[in-house]
Amino acid sequence: MNANLNADLLIVGITQLATPRGAGAKFGAQMREIVVLEKAAIAISGDRISWVGSAAEWPGTASRTIDLGGCAVIPGLVDPHTHAVWAGDRLGDFDARTSGVSYEQILASGGGIWSTIRATTSASDDALVSLAEQRVWSLVRSGATVVEIKSGYGFTVANELRMLEVIRRLALRLPIRIVPTLLIHIPPNDTREREAYVEQVRSELIPEVVRRGLAQAVDIFIEKEAWNTTEAESVLICALEHGLRVKVHAEQFHSVGGVELALRLGALSVDHLEACTARQYAVFRNAQTIATVLPGVSLHLGIPKAPGRQLIDAGAAVAVGTDLNPGSSPLFAISAALGLAVRLNGLTAAEALVAGTANAAQALGMSDAARVEAGMPADFAVLQSSDWRDLIYCMGMNPVRETWCKGQRIVPEQSRRERDDG
Ligand code: NIG
Ligand code: FE
């Protein structure tokens, strides 16, 4: 059936190809096993994978062959949760926190997220694009070929729209796929102003985001210091009515019912979960909603770890993200987030690979990403090591040697000669 295949490029010298399974894979519960194909080859035609198998069984011809010389290959990783567009820094917060002031105290006194909103509002669009571009390239060097980016440091309708426009400009400058999300981050202090803000989000912001095609989903921060579940429900229902998907930041510091709300509304994902209770694990059983854990936050803020192991054992499908942001998780590598999820959240290495690929893609509502198999975009990462588990095991070095996206090597960047030869 595969005879006479003709590929643009054949990649050989792959000691192990480690990928989640595709067709027939059951979503809604953690896939515990991945496929590890030894001595593999990948054929690429245009920007897609046309064949994957044992190198000895390649049945076709290829215009060009690249020998990786004995490296493991994994799918391009998906970072399903970042706040990569911001200006300023939170080094003062870090000093305060390391002297004993909590993240929530800093926020309540007008610092924290508020200070990033002020700095982001004052920065020019060009500055925001260029700062974010460097951060996303760092994620790409760690193997990411899909990155979600949230707004949320705009606060006003005009500034949230501006952040989403910046994300759109950024996406045009990058070779990878960027998935934009509107984040309704923190409320005004006054109760009456809160009501007015929700109304503005519903009547102005969400309709305008849809009109301009600026986001695929709406996220809201449900927390004692942020929005309550009634306010969140009102915003999320409006998003659904406008044809957008929904997701939430929930159960980060307190268990306030964000999980139940999100599952009831069929959210793509519930993210954070550090304060998720045992009663809430069961809500995820066989749900399509992904439980996204963000180990960088537990490490950086010193808060409890999200119960990844317990969630999986209770029947949840878990994804992992960096939550790249200046306040709670200055983590610039998705590979490192996966390694932390094993050490802090109790995932196995195989579960972490699924969490950073298939489940992360599902948390973004994407079906055409994060698997190395025929028909998928040719997005994959070549590791430094011949064993894929070094992705998880190594700390403090970049386990990724090359990142490939849509059939092109984007890290390290190709020289002009390589491009001409290709
Ligand atoms: O995912 N929890 C709320 N929002 C972000 C942090 C944003 C910030 O501190 O700047 C988070 O942790
Ligand atoms: Fe976040």
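All ligand and atom numbering here is 1-based and tracks the order in the structure. Note that the coordinates shown come from a computational prediction; the quantities given were computed from them, not determined experimentally.
- For the pair C405 and P175, the tightest heavy-atom approach, listed with the atom from each and the gap, is SG-O, 3.7 Å.
- Close contacts between ligand 1 and H81 involve ligand atoms 1 (O) [criterion: under 4.0 Å to a heavy atom].
- In this structure, E251 contributes its side chain and G257 its backbone to a donor-acceptor pair below 3.5 Å.
- Relative to atom 2 (N) of ligand 1, the option among Q252, E225, H249, K150 with the closest non-hydrogen atom is Q252.
- By the criterion of a heavy-atom distance under 4.0 Å, the side chain of R90, and not its backbone, is placed next to ligand 1.
- Heavy atoms of T116 come nearer than 4.0 angstrom to ligand 1 in no pair at all.
- Rounding to 10 degrees, one finds that the Fe ion (ligand 2) sits at the corner of an angle of 90° between H249 NE2 and H81 NE2.
- The ring of W227 has its center closer than 6.0 angstrom to the ring center of Y197.
- The OD1 atom of D323, the Fe ion (ligand 2) and the NE2 atom of H83 define an angle of 80° (nearest 10 degrees).
- Of all non-hydrogen atoms in G152 and E160, the two that sit nearest each other are N-OE1, 2.8 Å.
- Regarding atom 7 (C) of ligand 1, its nearest protein heavy-atom neighbour is Y153 OH, 3.3 Å.
- For F253 and H272, the gap between ring centers reaches or exceeds 6.0 Å.
- If you look at H185 and F155, their ring centroids are not closer than 6.0 Å.
- If you check which protein heavy atom lies closest to atom 9 (O) of ligand 1, you get Y103 OH, 2.4 Å.
- The distance from ligand 1 to the heavy atoms of D323 drops below 4.0 Å at these ligand atoms: 1 (O), 11 (C), 12 (O).
- Checked against a 3.5 angstrom limit, the closest N/O atoms of H185 and ligand 1 fall inside it.
- Between F380 and W404, the ring center distance clears the sub-6.0 Å criterion.
- The contact set between ligand 1 and S328, taken as ligand atoms under 4.0 Å from a residue heavy atom, comprises 6 (C), 9 (O), 11 (C), 12 (O).
- Within 6.0 Å of atom CZ in R343, more than 12 heavy atoms from other residues, nucleotides or ligands are found, so the atom counts as buried in its surroundings.
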